[in-house]
Amino acid sequence: MESLLVYPSAKVSISNPSFTSGRTILSGNRHFGPRDLSNSIRMSSGFFPLRCTNSPDNKEISSVAAAIYEYHTDELINAEEVREWESGKSINDIYAKQGITIRRSCRPAPPAGGGMIPRNILEQIIWDKEVEVTQFKQRIPLKEVDRMIEDASPTRDFLAALKDSYLRTGLPALIAEVKKASPSRGILRENFDPVEIAHTYEKNGAACLSILTDEKYFQGSFENLDKVRKAGIKCPLLCKEFIIDLWQIYYARAKGADAVLLIAGVLPDIDIKYMLKTCRELGLTALIEVHNERELDRVLKIKGVQLIGINNRNLENFVVDISNTQKLLENRIEVIQGKDITVVGESGLFAPDDVKFVHDSGVKAVLVGESLIKQEDPGLAIRGLFGKDISK
Ligand SMILES: O=C(O)c1ccccc1NCC(=O)[C@H](O)[C@H](O)COP(=O)(O)O
């Protein structure tokens with residue numbers, strides 16, 4: 001059965017049996033915009049096979065398309081990005097207008113002429129992710145992921161766990177990161193047992209855990225996420241991944257995630273909106289990460305955002321500066337509090353003074369990897385980071 005390739009903000013195409021963000025639409029296929037869809041799709045019930053009456057060969061399309069179609073609220077259909085895409089503007093031009101400097105390579109079907117060279121490590125990671133996700137989707141189509149989700153246990157409330165911990169300790173709630181390696185620091189821990197680390201983090205007061213799933217750059221895996229989830233850990237789990245496609249969100253849910261990371265420096269507003277909606281439907285919390293004022297202001301305009309992470313690390317050049325959290329919150333804390341948004345301070349936190357500094361700036365949670373994972377007992381290291389035992 002052929003499937004409908006759908007990109008939320010844009011064109012759809014009948015081509016191969018998976019759905020993808022439309023940037024990988026293959027040449028030679030006929031493209032449809034959301035308005036075509038609204039006239040042509042007969043929905044059965046929500047998530048199930050449909051018939052696309054204006055497809056070239058009137059084939060059944062995937063259930064995913066139904067889910068995506070449902071998302072075409074008026075707001076999204078009329079979004080400026082959709083109009084721009086339909087009028088032929090390139091996805092990277094649309095991104096650039098929102099201040100997104102990370103381009104898409106549209107691999108594994110490169111644009112005619114090719115020749116794009118990544119401008120920085122984050123761009124390289126995203127381009128590799130485009131290929132990886134395409135391969136993953138061929139191996140495990142969404143229908144299969146859907147079946148896996150049916151067997152998965154219910155999600156736990158990531159945001160509530162952060163809020164409870166903050167109320168209990170009066171200190172920023174800890175999201176402790178299970179991270180073996182990183183592009184900026186190389187191997188952080190040789191003797192890496194994700195389940196053992198997760199247990200010691202939980203025992204020593206972490207409210208939630210962040211599990212790296214990227215293999216190439218962080219030596220993480222979805223298997224680690226699955227293992228930690230099945231090891232009796234009660235803390236809610238963040239799937240720390242470079243998400244560029246809805247499939248990854250479904251897969252994260254199937255593998256035991258309670259929350260996913262959405263990076264505003266990589267995703268345009270319309271993707272963030274779709275992905276937030278998908279997260280809500282799957283019972284997942286979305287942690288939306290920003291690094292600069294422009295990204296934060298974009299995200300603050302999106303309805304339904306509850307959790308924002310301010311990354312002190314510039315992912316394009318690895319420079320870490322914890323005053324970034326203060327700089328971004330300085331003039332926005334009232335707006336943020338008014339919307340009841342919880343802010344997480346991310347990266348570069350090593351000592352109680354660092355935690356106090358970001359707390360004073362307005363964060364109610366922190367995401368910490370390196371300074372814990374490098375210690376012999378990463379759980380005990382939590383006491384050093386907070387200057388006290390936060391488990392009681
Ligand atoms: O950590 C990196 O080198 C890195 C490089 C490129 C993209 C993302 C990267 N890290 C993700 C994170 O921001 C951190 O894992 C997280 O905030 C924890 O930071 P830290 O406590 O400094 O390990």
Side-chain angles (χ1 to χ4, degrees), residues 158 161-192 194 196-212 218 220 235 238 240 261 287 289-292 296 307-315 317-330 332-333 336 342-392:
F158 192 90
L162 295 180
K163 288 184 172 177
D164 289 352
S165 174
Y166 184 71
L167 282 175
R168 181 175 58 78
T169 65
L171 290 168
L174 174 64
I175 308 170
E177 190 149 277
V178 179
K179 174 182 185 184
K180 174 163 184 178
S182 77
S184 60
R185 301 282 194 260
I187 301 278
L188 293 163
R189 190 178 182 86
E190 288 289 353
N191 173 20
F192 184 81
E196 189 189 338
I197 295 164
H199 275 300
T200 185
Y201 277 155
E202 178 165 85
K203 194 171 117 214
N204 287 281
C208 297
L209 306 180
S210 162
I211 315 288
L212 262 310
F218 292 84
C235 285
L238 169 72
K240 193 84 182 305
L261 181 76
L287 169 60
E289 180 176 296
V290 302
H291 175 67
N292 58 38
L296 179 53
L307 188 61
I308 295 179
I310 297 182
N311 204 335
N312 298 312
R313 175 175 288 112
N314 180 330
L315 303 185
N317 60 19
F318 299 152
V319 171
V320 180
D321 174 5
I322 65 168
S323 67
N324 193 45
T325 297
Q326 184 191 45
K327 187 173 89 183
L328 266 61
L329 290 179
E330 226 158 32
R332 297 173 182 83
I333 198 70
I336 288 171
T342 300
V343 179
V344 184
E346 300 178 7
S347 303
L349 304 172
F350 285 85
D353 278 353
D354 298 337
V355 175
K356 181 175 178 335
F357 178 75
V358 290
H359 188 198
D360 290 347
S361 306
V363 313
K364 292 193 174 148
V366 288
L367 172 58
V368 184
E370 180 182 348
S371 69
L372 302 177
I373 205 84
K374 284 184 98 167
Q375 305 300 313
E376 197 178 331
D377 183 331
L380 282 182
I382 294 174
R383 292 180 201 189
L385 177 68
F386 284 84
K388 62 183 274 203
D389 179 0
I390 58 161
S391 68
K392 309 248 160 38

Where is the tightest heavy-atom contact between [X] and [Y], given as atom of each residue plus distance?
| X | Y | value |
| --- | --- | --- |
| Leu171 | Lys388 | CD1-CD, 3.9 Å |
| Ala206 | Ala176 | CB-CB, 4.0 Å |
| Leu209 | Phe158 | O-CE1, 4.2 Å |
| Glu202 | Cys235 | OE2-N, 2.6 Å |
| Gly309 | Glu346 | CA-OE2, 3.3 Å |

Listed by chain and number, what are the side chain to side chain donor-acceptor pair (under 3.5 Å) partners of [X], not counting sequence neighbours?
| X | value |
| --- | --- |
| Asn311 | Glu289, Ser347 |
| His199 | none |
| Thr342 | none |

Rounded distance (nearest 0.5 Å) linking atom [atom1] of [X] with atom [atom2] of [Y]:
| X | Y | atom1 | atom2 | value |
| --- | --- | --- | --- | --- |
| Gln326 | Leu328 | CD | CG | 10.5 Å |
| Ile373 | Phe192 | CD1 | CZ | 5.5 Å |
| Leu188 | Phe218 | CG | CZ | 9.5 Å |
| Thr325 | Asn312 | OG1 | CG | 3.5 Å |
| Ser165 | Lys364 | OG | NZ | 12.5 Å |
| Leu367 | Ser210 | CG | OG | 5.0 Å |

Does [X] have any side-chain contact (heavy atoms from CB on, under 4.5 Å) partners at least two apart in sequence or in another chain, and if so, which?
| X | answer |
| --- | --- |
| Asp389 | Arg383, Ser391, Lys392 |
| Asp377 | Thr200, Leu380 |
| Lys203 | none |
| Ala365 | Leu162, Ala173, Val344 |

Just wondering, do [Y] and [X] contact through their side chains at under 4.5 Å, heavy atoms?
| X | Y | answer |
| --- | --- | --- |
| His291 | Leu315 | no |
| Lys327 | Asp321 | no |
| Leu372 | Leu174 | yes |

Verdict with reasoning, Val363 to Ile310, per side chain to side chain contact (heavy atoms under 4.5 Å, CB included): CA-CA 9 Å; Val363 313; Ile310 297 182; 5.7 Å; no
Set of residues satisfying ring-ring contact (aromatic ring centres under 6.0 Å, His included) with respect to Tyr166, sequence neighbours excluded: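 Expected list: His359.
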ring-ring contact (aromatic ring centres under 6.0 Å, His included) contacts in which one or both residues fall within residues 368-392, not counting sequence neighbours: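 ring-ring contact (aromatic ring centres under 6.0 Å, His included) check on residues 368-392 returns no pairs.
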Partner set under salt bridge (charged side-chain N to carboxylate O under 4.0 Å, His left out) for Arg313, not counting sequence neighbours: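 So Arg313 forms no salt bridge (charged side-chain N to carboxylate O under 4.0 Å, His left out) with any residue.
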Below 3.5 Å, can you tabulate the donor-acceptor pairs from side chains in residues 348-357 to any protein atom, sequence neighbours excluded?
unit_1: Asp354; atom_1: OD2; unit_2: Phe350; atom_2: N; d: 2.8
unit_1: Asp354; atom_1: OD2; unit_2: Ala351; atom_2: N; d: 3.1
unit_1: Lys356; atom_1: NZ; unit_2: Asp360; atom_2: OD2; d: 2.7

Pairwise salt bridge (Lys or Arg N to Asp or Glu O under 4.0 Å) hits with a residue in residues 171-186, at least two apart: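 Found Glu177-Lys179, Glu177-Lys240, Arg185-Glu370.
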